Amino acid sequence: MRGSDAVDSPTPDPARLRRSYEGAELAESALPADPLALFAAWFADVHAFGLVEPNAMVLATASADGMPSARTVLLKGYGPQGFRFFTNLRSDKGRDLAENPRAALVFPWHPMYRQVRVAGHVLELPREESESYFRTRPYGSRIGAWASEHQSGVIPGRGVLERRYAELAERWPDPATDPSAGPVAGPAADEGDAAVPLPDFWGGYRVVPSSIEFWQGRRDRLHDRIRYRRAPGLEGEALTPEGEAPPPGGDVERDAAPGAAAEWRVERLSP
């Protein structure tokens with residue numbers, strides 16, 4: 001094929017890449033009333049399937065003037081209050097969310113011909129919740145968070161990060177490799193060395209969904225698309241999990257009031 005998009009190289013032609021999707025039916029009669037129950041079941045499926053980073057999700061945000069941007073982040077919890085992730089608060093996404101606290105998520109589970117889309121408003125997590133999670137991160141990840149203080153900013157080279165990392169590692173030695181750092185005692189012994197504090201520019205967010213769409217690939221492009229949409233006026237309410245399984249690498253929260261599942265409307269969308 002020749003045209004404006006043609007290139008003189010042996011790369012695959014994306015227009016010729018096709019696959020027949022042979023996913024199972026997603027029927028309304030088999031759906032739970034609560035979208036979180038279906039999400040938990042699908043999340044367990046992709047984890048059992050062996051998908052690399054099943055908690056990877058595309059996070060889309062927009063600035064105050066409407067300029068969109070998207071990137072992949074990791075889901076670190078989901079439950080009655082929404083979908084949780086952590087990041088640098090001064091990053092591009094952090095600035096977007098400060099100006100325009102709305103976001104969309106996409107879980108691209110392609111090997112199983114599945115996709116989940118989430119849209120809603122975003123809340124910054126309490127400081128203590130971010131600190132609790134930060135303590136569970138590996139030592140290197142906590143030092144790395146400090147080293148990348150100006151995430152999304154332009155730097156002259158990788159050497160800047162590596163020097164900064166070395167300085168911070170000297171300031172807060174790893175007790176696993178440096179006996180002079182002393183033993184880790186108390187709760188931090190199970191959660192990681194508490195000597196590396198939570199940076200003031202780092203924290204978490206929660207996407208509180210107003211809609212959750214489940215996409216199942218089917219033959220001949222007759223895909224199943226089921227959307228759960230919050231009833232008007234209830235977009236800020238909590239989700240209610242029903243029969244969810246704890247997500248590997250995350251947590252399922254269980255503090256919503258009974259009955260919230262009935263506040264979701266289920267709609268089939270044309271593919």
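Along the sequence shown, residues carry numbers from 1. The figures that follow rest on heavy atoms only: side chains count, while hydrogens, waters and symmetry mates do not. Nothing here was measured: the structure is a model prediction, and the numbers come from that model.
Glu53 has its side chain out of reach of Thr72: every pair of non-hydrogen atoms, C-beta onward, lies at least 4.5 Å apart. At a threshold of 4.5 Å between non-hydrogen side-chain atoms, the residues Thr87 and Gln151 count as touching. Residues Trp109 and Leu51 meet the side-chain proximity criterion, which asks for heavy atoms closer than 4.5 Å. Annotation: side chain of Asn55 is in contact with side chain of Lys76 (closest heavy-atom distance under 4.5 Å). Using a 4.5 Å cut-off on side-chain heavy atoms (C-beta onward), Glu25 and Gln216 make no contact. Taking 4.5 Å as the limit, every side-chain heavy atom of Arg117 sits out of range of all side-chain heavy atoms of Met57. Two residues are said to be in side-chain contact when any heavy atoms from C-beta on lie closer than 4.5 Å; Tyr78 and Pro209 fail this criterion. Using a 4.5 Å heavy-atom threshold, the side chains of Val58 and Leu105 count as separate.
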- [ ] I would like to know whether Arg127 and Asp200 meet salt bridge (Lys or Arg N to Asp or Glu O under 4.0 Å); could you show each step before the answer?
- [x] CA-CA 9 Å; Arg127 190 72 178 164; Asp200 60 2; 5.8 Å; no
Open item on the list: One pair to check against side-chain contact (heavy atoms from CB on, under 4.5 Å): Leu31 and Tyr228. What are the steps and the verdict?
Closed with: CA-CA 10 Å; Leu31 295 176; Tyr228 288 78; 3.6 Å; yes
Open item on the list: The test is side-chain contact (heavy atoms from CB on, under 4.5 Å); show your working for Val266 and Ile226 and say whether it passes.
Closed with: CA-CA 7 Å; Val266 179; Ile226 299 295; 3.8 Å; yes
- [ ] Take Val207 and Phe85, measure what side-chain contact (heavy atoms from CB on, under 4.5 Å) needs, and give me the verdict at the end.
- [x] CA-CA 8 Å; Val207 180; Phe85 67 94; 4.0 Å; yes
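Between Pro54 and His47, the closest heavy-atom pair is CG-CD2, 4.2 Å. Shown here for Pro111 and Phe49, the closest heavy-atom pair between the two residues is CB-CE2, 3.6 Å. Trp202 and Leu198 make their closest contact through CE3-CD1, 3.5 Å (heavy atoms, listed as atom of the first residue, atom of the second, distance).
Taken from OG in Ser211 to CH2 in Trp264, the straight-line distance is 7.5 Å, to the nearest 0.5 Å. The CG atom of Leu161 sits 10.5 Å away from the CG atom of Leu168 when rounded to the nearest 0.5 Å. The OG atom of Ser130 sits 7.0 Å away from atom CD of Glu124, with the distance rounded to the nearest 0.5 Å. Of the inter-residue distances, the one linking Phe107 atom CZ with Leu75 atom CG reads 4.5 Å to the nearest 0.5 angstrom. Rounded to the nearest 0.5 angstrom, Ser270 OG and Leu222 CG are separated by 9.0 Å. Of the inter-residue distances, the one linking Lys93 atom NZ with Tyr205 atom OH reads 8.5 Å to the nearest 0.5 angstrom.
Each of Gln115, Arg225, Arg227 was evaluated against Glu213; a single residue qualifies, Arg225, per the side-chain hydrogen bond (donor to acceptor under 3.5 Å, both in side chains) test. Results of the side chain to side chain contact (heavy atoms under 4.5 Å, CB included) test with Phe86 over Leu125, Leu74, Val73 single out Leu125 as the only residue that passes.
In this structure, the side chain of Ser63 does not engage the main chain of Asn100 through any donor-acceptor pair within 3.5 Å. Side-chain atoms of Arg206 do not come within 3.5 Å of backbone N or O of Val122 as any donor-acceptor pair. In this structure a side-chain-to-backbone donor-acceptor pair under 3.5 Å is missing from His121 to Arg102. Using a distance-only test at 3.5 Å, with no hydrogens or angles considered, no donor-acceptor pair links the side chain of Ser148 to the main chain of Ala145.
The pair Asp224-Arg268 counts as a salt bridge, with a side-chain nitrogen and a carboxylate oxygen less than 4.0 angstrom apart. Between Arg229 and Glu263 there is no salt bridge, since no side-chain N of the basic residue sits under 4.0 Å from a carboxylate O of the acidic one.
Cluster membership check: Val46 shares its hydrophobic cluster with Val118, using side-chain heavy-atom separations under 4.5 Å among Ile, Leu, Val, Met, Phe, Trp and Tyr.
A distance below 6.0 Å separates the ring centres of Trp146 and Trp172.
Annotation: cation-pi geometry satisfied between Arg114 and Trp42 (NZ/CZ under 6.0 angstrom from ring centroid, within 45° of ring axis).
Classified by interplanar angle (parallel below 30°, tilted 30° to 60°, perpendicular above 60°), the ring pair Phe39/Phe83 is perpendicular.
Inspection of the Ser69 and Asp92 side chains reveals no N or O donor paired with an N or O acceptor under 3.5 Å. No side-chain donor from either of Ser152 and Arg90 sits under 3.5 Å from a side-chain acceptor of the other.
Counting non-hydrogen atoms of other residues, nucleotides and ligands closer than 6.0 Å to CD of Glu28 gives a total above 12.
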